[in-house]
Novice: 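Got a structure here, written out as structure tokens. Questions coming.
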Amino acid sequence: MSQGTLLITGGAGYIGSHTVRHLLEQNERVVVLDNLVFGHRAALPLDRVTFIEGDMADAALVEKLFAEHKPEAVLHFAAFAYVGESVANPLKYYRNNLAAPLTLLETMQRHGCKRFILSSTCASYGDPVRIPIDESHPQAPVNPYGASKWMLERVLRDCDTAWGLKSVFLRYFNASGSHPSGEIGEDHNPETHLIPLVLQAAAGQREHITIFGTDYPTPDGTCIRDYIHVCDLASAHALALKFLREGGDTIAVNLGTGRGFSVKEVIATAEAVTGRKIPVVFGPRRAGDPSELVADPSRAMEILRWQAAHLEPREHIDSAWRWMNGAQRGHYAD
Ligand code: UDP
């Protein structure tokens with residue numbers, strides 16, 4: 001049921017645009033704020049959303065937006081998310097992922113907007129000390145990207161104490177897949193994620209996929225990850241919003257399936273889905289990659305009544321392959 005207007009920062013990005021679609025299907029009223037640095041205008045149904053091109057750090061713009069649209073809640077996707085780049089250029093990440101949202105939060109406080117849903121990350125846990133990872137697992141991020149999200153969680157808790165801001169920190173595991181329509185999908189530049197890179201290799205758009213490390217302490221020697229379908233992430237946001245509307249308190253919630261798959265398993269599944277042999281090169285480990293990241297998603301089930309609908313990597317890869325072979329061939333025109 002639709003209530004007030006929702007502000008979606010970064011709504012033209014990968015996870016943001018899938019969530020916008022889902023919220024529109026639920027008859028929500030949506031305003032998207034996106035500077036289009038990584039987002040794509042074409043990822044938005046412009047006839048059904050109010051789109052404002054601009055930056056969340058632009059205090060005058062954000063003030064005008066709040067005065068005009070009076071958002072009831074903010075779903076905050078806008079962030080930089082390249083782990084390697086964050087190590088090389090930490091200030092860029094602290095500026096965009098930590099400092100810029102402060103302007104947004106100050107404006108929310110002035111306008112009495114007290115609901116916030118944060119795109120957080122399993123990278124805020126750092127190297128796992130136990131698997132599966134539940135929300136009480138220590139947070140000891142090992143790179144500035146994870147640290148910027150972890151610090152923002154802290155800021156939001158302090159805002160709760162000070163002025164009653166209620167937040168849900170959605171700690172995503174490995175987002176993957178595309179909308180079943182094939183109309184929107186993952187289009188990062190540069191692309192660093194495993195599944196799109198594997199499919200690009202399958203499509204002949206790149207020569208091979210390099211497996212980063214084959215000597216991990218896992219059954220086949222390659223890293224294990226918990227791949228969560230982007231449409232499942234989208235539905236979790238709607239349920240987090242419902243939770244806050246019903247008076248829910250600030251809480252962190254993992255979003256994963258609870259099932260881990262190795263890099264080799266992902267590649268084998270992609271070969272089965274595409275019917276193509278994927279050229280593989282064995283490379284060294286990538287710095288900062290833990291051997292295994294798998295969520296304990298029970299809190300999301302208990303508190304949000306959320307359950308991942310797409311448990312098999314085959315479904316993720318199949319939808320991503322459809323996006324790559326759809327009208328836009330895996331890339332937006334803008
Ligand atoms: N990976 C890989 N080759 C690539 C890209 C990724 O072997 O070209 C591995 C990476 O080491 C990790 C897994 O695939 O174990 C998922 O990586 P991705 O970058 O998709 O997500 P991350 O786990 O870093 O969030």
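Start at 1 and go down the list; that is how both ligands and their atoms are numbered.
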Novice: Could you tell me which non-hydrogen atom of Gly126 sits nearest to which non-hydrogen atom of Leu293, and how far apart they are?
Specialist: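 Of all heavy-atom pairs spanning Gly126 and Leu293, the closest is O-CD2, 4.4 Å.
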Novice: Provide the closest heavy-atom pair for Ser119 versus His237 in the form atom of the first, atom of the second, distance.
Specialist: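 The pair with the smallest heavy-atom distance is OG-NE2, 4.3 Å.
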Novice: Using a strict cut-off of under 4.0 Å between a residue heavy atom and any atom of ligand 1, list the qualifying protein residues by chain and number.
Specialist: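 Heavy-atom contacts below 4.0 Å: Asn174, Thr192, His193, Leu194, Leu197, Ile209, Thr210, Ile211, Phe212, Cys223, Arg225, Tyr227, Val263, Arg286, Asp289.
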Novice: Are the side chains of Phe66 and Cys113 in touch, meaning some heavy atoms are under 4.5 Å apart?
Specialist: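 Side chain of Phe66 against side chain of Cys113, heavy atoms only: contact under 4.5 Å found.
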Novice: List the steps, then state whether side chain to side chain donor-acceptor pair (under 3.5 Å) holds for Ser124 with Gln139.
Specialist: CA-CA 6 Å; Ser124 67; Gln139 285 180 291; 3.0 Å; yes
Novice: Considering non-hydrogen atoms only, spot the tightest contact between Asp232 and Gln307 and give its length.
Specialist: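 Taking every non-hydrogen atom into account, OD1-O, 4.3 Å.
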Novice: Distance to the ring centre below 6.0 angstrom and angle to the axis at most 45 degrees; does that hold for Lys92 and Phe80?
Specialist: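 Ring-cation test returns yes.
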